Every structure is written in C-alpha cells, then in structure tokens.
J.: 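Mind looking over this structure? Questions follow.
Numbered from 1 within each chain, the chains take letters A, B, ... in sequence-line order. Given the structure is predicted, the values throughout are model-derived calculations rather than measurements. We use all heavy atoms of the structure for the numbers below, so side chains are in, but hydrogens, waters and symmetry mates are not.
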2 protein chains.
Amino acid sequence: MSPDTRTKIIMTAMELFWDKGYGSTSVADILSRSQIHSGSLYHFFPGKQDVLVGVLEFYRDKIEEWLLAPIWSAVTDPIERIFGLLNGYRTQLLTTDFAYGCPIGNLALELHEPDPKVRQLLAANFTNWTTAIEGCLDAAAERLPPNTDRRALAEYILTVMEGAVMQARSFRDIGPFDRNVAMLRQHIDLLASQVRAEFVKV
Amino acid sequence: MSPDTRTKIIMTAMELFWDKGYGSTSVADILSRSQIHSGSLYHFFPGKQDVLVGVLEFYRDKIEEWLLAPIWSAVTDPIERIFGLLNGYRTQLLTTDFAYGCPIGNLALELHEPDPKVRQLLAANFTNWTTAIEGCLDAAAERLPPNTDRRALAEYILTVMEGAVMQARSFRDIGPFDRNVAMLRQHIDLLASQVRAEFVKV
DNA sequence: TTATCACTTGATTGATCATTCAATCAAGCT
DNA sequence: AGCTTGATTGAATGATCAATCAAGTGATAA
C-alpha cells in the first residue's frame with residue numbers, strides 16, 4: 001500500500017490545476033513537480049482526468065477543515081461569518097496578485113463538456129459551499145424576513161462571490177470585489193431593516 | 001485586400017472559442033471549419049493568440065448591435081431592459097443545453113495569465129456591458145435612492161449574471177439562474193420601495 | 001509584355017502531449 | 001530460500017499541436 005504517492009500526486013495536481021487550469025497542466029508538469037515517474041502515476045490513475053476526479057474528491061472532503069473551520073473559529077456572528085468567508089477570497093486574491101480565485105469556479109467554466117463524474121463533483125463542491133452558507137443564514141433566521149428562501153439566498157451569495165472574483169481577476173483590481181460585497185451587504189441590511197419595521201408595526 | 005478571409009477566420013474562431021474554449025480549440029479546428037489553409041491564417045495573424053485578440057476586438061465592436069439593440073427595441077422600461085438582457089442569457093442557456101454561457105466570462109476564467117492585450121480586451125468587454133447597464137440605471141434614476149452608486153450597481157448586476165450562468169451550467173439546471181435573478185429583482189424592488197417610503201415621509 | 005504584389009496552397013517541421021510497457025525493486029508470506 | 005504482489009523506473013510510442021515556408025495564383029499597373 002502506498003497512499004503517500006497517491007496523495008502526493010493529488011496535492012501536486014491540485015496546486016497546478018488551481019494555478020494554471022486543468023487543460024494547461026500537462027501530466028509532465030505533475031510528474032516533474034511531484035518528483036514521481038509516469039509509471040507510478042498511471043499505476044494509481046487510469047488517466048489524467050482521473051487525477052482531476054481525485055483532486056475534486058479530495059477538495060470536497062477538505063472544504064470543512066481548510067475553508068470553513070478557520071473562519072468559524074475566528075468569527076461567531078453568523079452573518080459576519082459569511083462576510084468573513086468572502087474576505088478570505090479577497091485576501092487570497094491580493095496575496096496571489098489575482099492569480100487564485102475560486103478554484104471550483106475556474107474549473108467549472110474551463111471544462112465546457114465535462115464527463116458526468118467531473119460535473120457531479122463540481123456541483124457537489126458548490127453544494128457544500130452553499131449548504132455552509134445556508135447554515136449561517138439559518139442561525140440568523142430571526143434577523144431575516146420570515147418568508148426568506150434561505151437556500152436561494154445562499155446560492156445567491158455564492159453567485160456574488162464567484163462573479164466578484166471573476167471581475168477582480170479580469171481587472172486586476174480589488175475595487176470591483178469590494179463594491180460587489182458592499183452591494184450584497186446592502187441587500188442583507190435591507191432585509192434586516194424590513195424585520196425591524198415589521199417588529200415596530202406589531 | 002481580402003477582408004473576407006480575415007473575417008471568416010474570426011467568425012469561425014469565435015464560434016469555436018465560445019463552444020470549446022480557447023485552449024481546447026486547435027488551429028487545425030479553425031482551419032477545417034472555415035475551409036481556409038494554414039498559410040492564409042498565418043498571413044493575417046502572427047499566431048493563435050492574435051486570432052483571439054481579433055475575436056475579442058470583433059465582439060467588443062458588436063456588443064451594441066448583437067446584444068443590446070434587439071432588447072432595447074423589444075423593451076422600453078429601463079429596469080425591464082436589464083431583466084430582458086438577463087433573460088437573453090437564460091434563453092441561450094436553454095437553447096444550447098447549457099453549453100453557451102457568457103463567452104467573455106468563460107475566457108476570463110480560462111486564461112489565468114493572459115498577456116496584457118488579451119486581458120485589456122476582456123476588461124473592455126466587461127466595461128462595455130457594465131456601461132450599458134449603467135445607462136439603464138441612469139434612465140431609472142428617479143426610481144432609485146438618490147445616493148445610489150449606479151456604476152457599482154451595474155457592476156453588481158454583471159456579477160450576478162456571471163455567477164448565475166456559472167451555477168446553471170454546473171448543475172445543468174436553470175433553477176439556480178432563476179432564483180438568482182429573483183434575488184436581484186428583490187434587491188432592486190427594495191431600493192425602489194425605499195424611494196416610495198421617503199416620498200411619503202416628505 | 002512583363003514585373004509586382006497580395007494572397008493562397010498544403011506538405012512539412014519540431015515540440016509537446018498523454019499514455020504504454022517491459023524491467024526492476026522491495027517487502028511479506030510459506 | 002523461493003514465490004507473490006504491489007510499486008517504481010524511464011525510455012519509447014504515436015498523436016496532435018502551433019507554426020513555417022517554398023511554390024504557386026491572379027489581378028493590377030508600368
């Protein structure tokens with residue numbers, strides 16, 4: 001058994017896919033960076049696409065630990081946790097000079113006709129993210145109008161994050177990202193003020 | 001002078017880039033579909049990337065005629081023009097079975113380190129789109145709070161469109177798109193209701 | 001008539017791509 | 001010791017890639 005080699009391939013491929021995309025990463029790139037030989041890679045994976053599947057499964061299982069846990073421990077207010085998560089993407093954009101955005105979003109748009117397994121894993125990664133946000137909204141349910149579709153609002157927050165990252169990367173400017181997040185904040189504030197108005201009325 | 005050949009190359013390459021992406025479109029693909037020989041292509045373009053530049057310049061110049069004019073003539077209310085534009089992307093998603101999203105968004109995320117000319121053209125395409133939306137918002141200025149940053153709101157609408165298209169394509173389901181647009185509609189309605197409340201107060 | 005010039009043809013090049021495979025190795029089991 | 005099995009090595013394969021270029025075409029003008 002050699003889980004070490006398999007894991008090393010996945011970690012290396014993940015870095016390269018995030019950095020250069022799937023199509024622009026050659027198997028030779030993965031081999032040279034991971035110091036592993038082609039025979040070993042093809043011993044564990046039938047082909048390049050199966051490496052991608054491995055990466056997406058790996059990332060899916062690490063979202064909780066890598067992405068959410070650090071922010072959950074730093075922020076407790078559920079609404080602020082959402083904006084803390086968005087701020088994490090902001091920091092990543094700035095520290096990588098706009099090279100890294102959302103890795104799943106990049107792949108989702110790069111792979112125009114992905115095979116069902118890949119597409120399903122991309123969707124699963126989005127779903128996990130959305131479910132985490134939905135949990136925050138549920139925790140803040142009393143600060144939102146009672147008829148709020150919290151699942152749809154969580155999807156919408158994912159949408160704003162992805163679009164904001166895309167624009168910031170295209171313009172190589174954090175301005176669009178900040179203004180987009182400010183707009184989202186305004187929307188949520190408006191929802192919250194509706195609740196207060198209703199409370200006064202009753 | 002043979003603008004016909006040059007244009008044919010650009011139109012063919014545009015179709016292929018929208019359909020399969022830039023990296024997955026080979027020069028041979030462009031040649032076989034356009035019935036043009038490699039020498040002719042390289043007579044007009046120094047290389048593949050220059051074809052991409054030509055496509056982006058061409059599309060930038062056609063946004064008004066191809067994208068906006070049909071909707072402007074079908075809808076007159078400025079706010080409904082915005083949602084009419086979004087509905088155009090919705091129709092395109094459905095009629096292409098989620099193959100076509102926003103062509104500029106796809107390329108923006110596919111090209112991780114584009115050269116300055118390409119990056120500038122991607123940004124110019126986004127800017128043109130945003131400016132058109134901003135024009136609608138200016139025309140509806142009296143229905144928005146007076147302190148509204150209409151440029152930022154236009155950027156935000158682009159963001160929602162791009163994110164909504166991304167999710168619909170990933171899930172191969174129009175549901176996320178529709179719910180995202182509904183959320184945006186709610187936000188704009190909330191802004192409009194603020195104006196009415198202010199009017200009553202005065 | 002002849003020279004010029006923009007354009008076209010398509011075989012060819014060398015690089016790079018994902019993938020294969022015969023061989024060797026190391027460790028455990030009998 | 002001998003046998004088995006999973007893991008590793010790295011040269012080799014054939015396909016495909018972007019790009020090149022010498023030879024040709026046809027229209028225009030001197």
J.: Taking the inter-plane angle between the rings of A:Tyr22 and A:Phe17 on a 0 to 90° scale, is it parallel (under 30°), tilted (30 to 60°) or perpendicular (over 60°)?
T.: perpendicular

J.: Output the distance between atom CZ (B:Phe58) and atom CD1 (B:Ile63), rounded to the nearest 0.5 Å.
T.: 12.5 Å

J.: Using whole Å, what does the distance between atom P of nucleotide C:dT8 and atom CG of B:Asp4 come to?
T.: 9 Å

J.: What's the CZ-C1' distance between A:Arg6 and D:dG6, to the nearest Å?
T.: 15 Å

J.: Look at all strands and tell whether B:Ser24 reaches a base, only sugar-phosphate, or nothing, counting heavy atoms closer than 4.0 Å.
T.: nothing

J.: Does A:Tyr42 place a side-chain N or O at less than 4.0 Å from the phosphate oxygens OP1/OP2 of C:dT20?
T.: no

J.: So does A:His43 get a side-chain nitrogen or oxygen closer than 4.0 Å to the phosphate oxygens (OP1/OP2) of D:dA7?
T.: yes

J.: Does the side chain of B:Ile157 reach to within under 4.5 Å of the side chain of B:Trp129, using non-hydrogen atoms?
T.: yes

J.: Could you check if a side-chain atom of A:Leu86 sits within less than 4.5 angstrom of a side-chain atom of A:Val160, using non-hydrogen atoms only?
T.: no

J.: Report the distance from atom NE2 of A:His37 to atom C1' of C:dT20, rounded to the nearest whole Å.
T.: 16 Å

J.: On the side chain of A:Ser38, is there an atom forming a donor-acceptor pair with the base of D:dT9 - under 3.5 Å, no angle test?
T.: no

J.: Using a cut-off of 4.0 Å on non-hydrogen atoms, how would the nucleic acid contact of A:Ser40 be classed: base, sugar-phosphate, or nothing?
T.: base

J.: Can you tell me how far P of C:dT20 sits from CZ of A:Phe45, to the nearest Å?
T.: 15 Å

J.: Starting at CG of B:Leu41 and ending at P of D:dC21, how long is that distance when rounded to a whole Å?
T.: 16 Å

J.: When the distance from NZ of A:Lys8 to P of D:dA7 is rounded to whole Å, what number comes out?
T.: 15 Å

J.: In this structure, how many angstroms lie between the P atom of C:dG10 and the CD atom of B:Gln35, rounded?
T.: 11 Å

J.: Sort out for me which residue in A:Leu121, A:Val55, A:Thr127, A:Leu122 forms a side chain to side chain contact (heavy atoms under 4.5 Å, CB included) with A:Arg60.
T.: A:Leu121

J.: The side chain of B:Lys48 is closest to which nucleotide in this list: C:dA18, C:dT9, D:dA19?
T.: D:dA19

J.: Could you state the atom-to-atom distance from CG of B:Leu16 to C1' of D:dC17 in whole Å?
T.: 16 Å

J.: Given D:dT16, is OP1 or OP2 found less than 4.0 Å from the side-chain N or O atoms of B:Ser26?
T.: no

